Structures are given as structure tokens and as C-alpha cells.
Amino acid sequence: MKPLLLAKPGVDLDKLQSNIVYLTDVKVDFDGFVALNIKEFSVHFNELRVVIGPNGAGKTTLCDVISGKTKVTEGRVFFNLRETTDLTDVEIASLGIGRKFQTPTVFDSITVYENMELALPGRRGVFRNLWSNETSDERDRIFSILKRVHLADQAHRQAKYLSHGQRQWLEISMLIVASPKLLLVDEPAAGLTDKETELTAELLLELKGSHTIIVIEHDMDFVRRLNSRVTVLDNGQVLADGTLDVVQKDPAVIEAYLGR
């Protein structure tokens with residue numbers, strides 16, 4: 001692994017020290033198309049932040065930059081007091097970033113419990129897990145998390161038999177058991193029933209105190225349930241930032257997103 005880069009001169013140290021995610025003067029240019037152009041974006045430690053915006057606004061690119069999947073054309077990216085601008089996505093993930101995409105990525109042919117085993121820290125890889133036995137502490141941790149998401153009674157059921165909502169909860173649980181400092185969660189309410197949506201919001205709010213969470217979401221009812229700070233993106237730029245009630249009244253937001 002490359003050496004971790006500590007903050008260089010020229011960065012606002014107060015903002016760097018009070019935020020687990022800090023982006024400054026970030027620009028992502030794909031052959032002339034500017035996908036992201038953000039002067040500043042920051043998320044406090046153990047904050048739940050919601051990012052909204054129309055299709056093509058730059059929401060996924062923002063998460064790609066934070067996770068290292070996409071490299072910035074200009075600017076600097078920091079995570080947990082470290083500069084990650086030039087690190088690979090694997091190196092950044094090892095610092096404590098877990099990502100959940102819109103479509104759940106779980107292993108259908110194995111059980112819920114076995115999926116959780118695969119996600120344990122230091123246990124990534126099928127062959128490593130074939131020859132490893134979880135400790136009693138790990139087993140207790142897995143069942144504690146599964147109980148929280150109402151999946152304990154499904155622990156020995158193959159994942160392919162879960163509902164869409166249950167698969168969403170399983171993937172979030174797989175992230176949690178890996179003990180990340182930051183969760184990047186893409187549209188967790190997509191395709192859920194009303195009850196599943198309510199339970200998913202409750203789960204994210206419970207996690208808020210022990211994890212930093214960035215949620216990309218389109219469902220405004222779900223965003224309101226989260227009752228958290230909202231950042232609105234449009235054309236790769238931060239259009240507004242604040243509570244949902246505040247940003248919903250912003251004429252620029254109404255024009256760009258909420259009024260469409």
C-alpha cells in the first residue's frame with residue numbers, strides 16, 4: 001500500500017479536523033464533460049447526510065470520488081484526517097469506507113448467515129472462509145446485527161428467498177459487520193413496501209450515532225423520515241444545503257429537481 005498522505009498545507013485545518021469527509025475545489029472532467037465541480041463538501045463525524053438531485057446531477061460521481069473509484073481532475077479529497085486524493089479504491093476502502101449500491105449485491109446460493117461471515121473483517125474471500133471458523137464473539141455480533149434488521153429468523157435461509165427489502169437489509173448488515181467508519185448507501189428505499197421503507201429509515205437512524213452515513217435518495221417521503229441535513233446537487237454542483245424544509249423552498253431547487 002502507498003504511504004497514507006497526511007493533510008498538506010493550504011487546507012482549512014478546522015474543517016478537516018471536524019469532518020470525516022472533506023472535499024475542496026474538486027472537479028471531475030470526463031473528456032470535456034464536467035461531471036462534478038464542487039468548491040467544498042464536508043460531512044461531520046457520525047452524521048447522516050442525504051444527497052438528492054435529478055438524474056445526472058453528480059450524486060454517484062460524488063460517491064465514486066469519496067470511495068476512490070473515480071479520480072478527481074482537480075482538487076483534493078480527505079477521509080478521516082487523511083488525504084486520499086491519490087490512493088486507490090482498495091486502499092481507501094481499507095481505511096473504513098463501505099458502499100452499498102442500489103441493487104443489492106449478496107450471494108444468492110448461500111445463507112444469510114454465510115453472507116455475513118464473508119463480510120467479517122479479514123475474512124473476505126470464499127476460500128479463506130471455507131477454512132475458517134468464526135469466533136463466538138463474531139457469531140454473537142452477526143446475530144446481534146441480524147436481530148436489529150429483523151433477519152435473525154432468516155439466518156439459515158438462502159439469500160435468494162429473501163424479499164427485496166430483506167436483501168437491502170442484508171447488504172447493509174454486511175457493511176455494518178465489517179465495521180466501516182463511513183457508509184455510502186445508494187437509494188436504500190428503492191422498490192420497498194411502505195413497512196420496509198419505515199424499517200429501513202429506522203435502521204439508518206439507529207446507525208447514525210456509531211457510523212457516518214451518506215445516503216443518495218430520490219424518495220422525498222423517505223428523505224423526510226431521515227430528518228437529516230440534505231445536500232442538493234445539480235449539474236455537478238452543490239445547489240443548496242440544509243434541512244429538507246429549507247431546501248424545498250429554494251426556487252433553484254424547485255426548478256432543478258423538486259418541481260419536475
Side-chain angles (χ1 to χ4, degrees), residues 46-55 59-60 62-64 67 93 97-120 123-124 138-231 244 257-258:
N46 292 339
E47 178 186 352
L48 195 166
R49 176 72 61 85
V50 184
V51 179
I52 66 174
N55 291 332
K59 303 184 298 296
T60 298
L62 174 64
C63 288
D64 287 346
S67 65
I97 295 181
R99 188 167 182 182
K100 184 211 164 301
F101 295 90
Q102 182 177 349
T103 302
T105 52
V106 301
F107 296 98
D108 283 342
S109 61
I110 62 177
T111 67
V112 168
Y113 187 88
E114 289 167 337
N115 269 278
M116 293 290 283
E117 281 186 294
L118 284 173
L120 285 167
R123 298 281 296 281
R124 293 285 184 177
E138 288 173 335
R139 187 162 51 251
D140 290 345
R141 176 165 167 74
I142 287 174
F143 272 105
S144 174
I145 294 170
L146 290 179
K147 188 177 296 183
R148 179 190 288 182
V149 297
H150 307 282
L151 287 178
D153 60 347
Q154 305 290 325
H156 301 296
R157 191 180 191 192
Q158 283 185 305
K160 64 183 177 182
Y161 296 116
L162 299 179
S163 70
H164 177 68
Q166 289 174 322
R167 290 168 64 84
Q168 296 274 39
W169 299 337
L170 174 56
E171 187 170 19
I172 293 174
S173 299
M174 291 168 68
L175 290 181
I176 297 168
V177 80
S179 299
K181 298 179 177 68
L182 171 66
L183 298 176
L184 301 173
V185 184
D186 194 350
E187 297 192 36
L192 301 188
T193 65
D194 289 344
K195 182 61 175 177
E196 289 173 338
T197 298
E198 180 181 346
L199 290 173
T200 302
E202 290 176 359
L203 171 61
L204 291 173
L205 287 170
E206 283 181 23
L207 295 174
K208 178 180 176 182
S210 54
H211 301 270
T212 305
I213 308 170
I214 298 177
V215 176
I216 295 176
E217 189 52 71
H218 285 288
D219 185 329
M220 289 300 103
D221 289 335
F222 184 73
V223 174
R224 187 169 294 282
R225 287 177 186 270
L226 295 179
N227 190 30
S228 300
R229 184 174 170 184
V230 175
T231 297
L244 182 59
Y257 182 56
L258 297 171

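Note that this is a predicted model, so its numbers are computed, not measured.
Considering only residues two or more places apart in sequence or on other chains, T111 meets the side-chain hydrogen bond (donor to acceptor under 3.5 Å, both in side chains) condition with E114. A search for side-chain hydrogen bond (donor to acceptor under 3.5 Å, both in side chains) contacts involving S210 returns nothing, not counting sequence neighbours. Applying the salt bridge (charged side-chain N to carboxylate O under 4.0 Å, His left out) test to R157 and every residue at least two apart in sequence or in another chain returns nothing.
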Quiz item: Between N227 and L205, does a side-chain contact (heavy atoms from CB on, under 4.5 Å) hold up when you go through it step by step?
Solution: CA-CA 9 Å; N227 190 30; L205 287 170; 5.7 Å; no
Self-check item: From CA spacing to verdict: side-chain contact (heavy atoms from CB on, under 4.5 Å), H218, I52
Solution: CA-CA 6 Å; H218 285 288; I52 66 174; over 6 Å; no
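A salt bridge links R99 with D64: the distance from a Lys NZ or Arg NE/NH1/NH2 to an Asp or Glu carboxylate oxygen falls below 4.0 Å.
Side-chain contact between E171 and T105: present, with at least one pair of heavy atoms (C-beta onward) separated by less than 4.5 Å. By the 4.5 Å heavy-atom criterion applied to side chains, V215 and E187 are not counted as neighbours. Considering only heavy atoms from C-beta on, R148 stays 4.5 Å or farther from E202 through its side chain. Side-chain contact between L170 and V149 is absent, with no heavy atoms from C-beta onward closer than 4.5 Å. Considering only heavy atoms from C-beta on, W169 comes within 4.5 Å of E196 through its side chain. Between R229 and L244 there is no side-chain heavy-atom pair separated by less than 4.5 Å. Residues L146 and M116 meet the side-chain proximity criterion, which asks for heavy atoms closer than 4.5 Å. In this structure the side chain of V185 reaches within 4.5 angstrom of the side chain of I213, judged on heavy atoms.
Taken to the nearest 0.5 Å, the CG atom of N115 stands 10.5 Å off from the CD atom of Q158. The distance from atom CD1 of I110 to atom NE2 of H156, rounded to the nearest 0.5 Å, is 13.0 Å. Remark: L62 CG to T231 OG1 distance equals 8.5 Å, nearest 0.5 Å. The distance from atom CG of L204 to atom CD of E206, rounded to the nearest 0.5 Å, is 9.5 Å. With values rounded to the nearest 0.5 angstrom, S67 atom OG is found 7.0 Å from I97 atom CD1. In this structure, the separation between CG on L199 and CG on L192 is 9.5 Å, given to the nearest 0.5 Å.
Atom CG of D153 has more than 12 neighbouring heavy atoms from other residues, nucleotides or ligands inside a 6.0 Å radius. Counted within 6.0 Å of CG on D108, heavy atoms from surrounding residues, nucleotides or ligands total more than 12; the atom is thus considered enclosed.
No side-chain donor-acceptor contact under 3.5 Å links T200 and Q168. With 3.5 Å as the limit, one finds a donor-acceptor pair spanning the side chains of S179 and R141. In summary, the side chains of S228 and E47 do not present any donor paired with an acceptor at a separation below 3.5 Å, with no hydrogens or angles considered. T197 and R225 share no side-chain donor-acceptor pair at under 3.5 Å.
Shown here for G98 and P180, the closest heavy-atom pair between the two residues is N-CB, 3.8 Å. Heavy atoms only, all atoms of each residue included: D186 and T60 are closest at OD2-OG1, 4.3 Å. Listed here is the closest heavy atom pair of F222 and P188: CE2-CG, 3.7 Å. In this structure, V177 and M174 approach most closely via the heavy-atom pair CG1-O, 3.3 Å. F143 and A155 get closest at one heavy-atom pair: CE2-CB, 3.7 Å. Considering every non-hydrogen atom in both A178 and A119, the closest pair reads CB-O, 3.4 Å.
Applying side-chain contact (heavy atoms from CB on, under 4.5 Å) to K208 and the options L48, L183, L203 leaves one that passes, L48. The side-chain contact (heavy atoms from CB on, under 4.5 Å) test with E217 is passed by exactly one of V223, V230, L226: V223.
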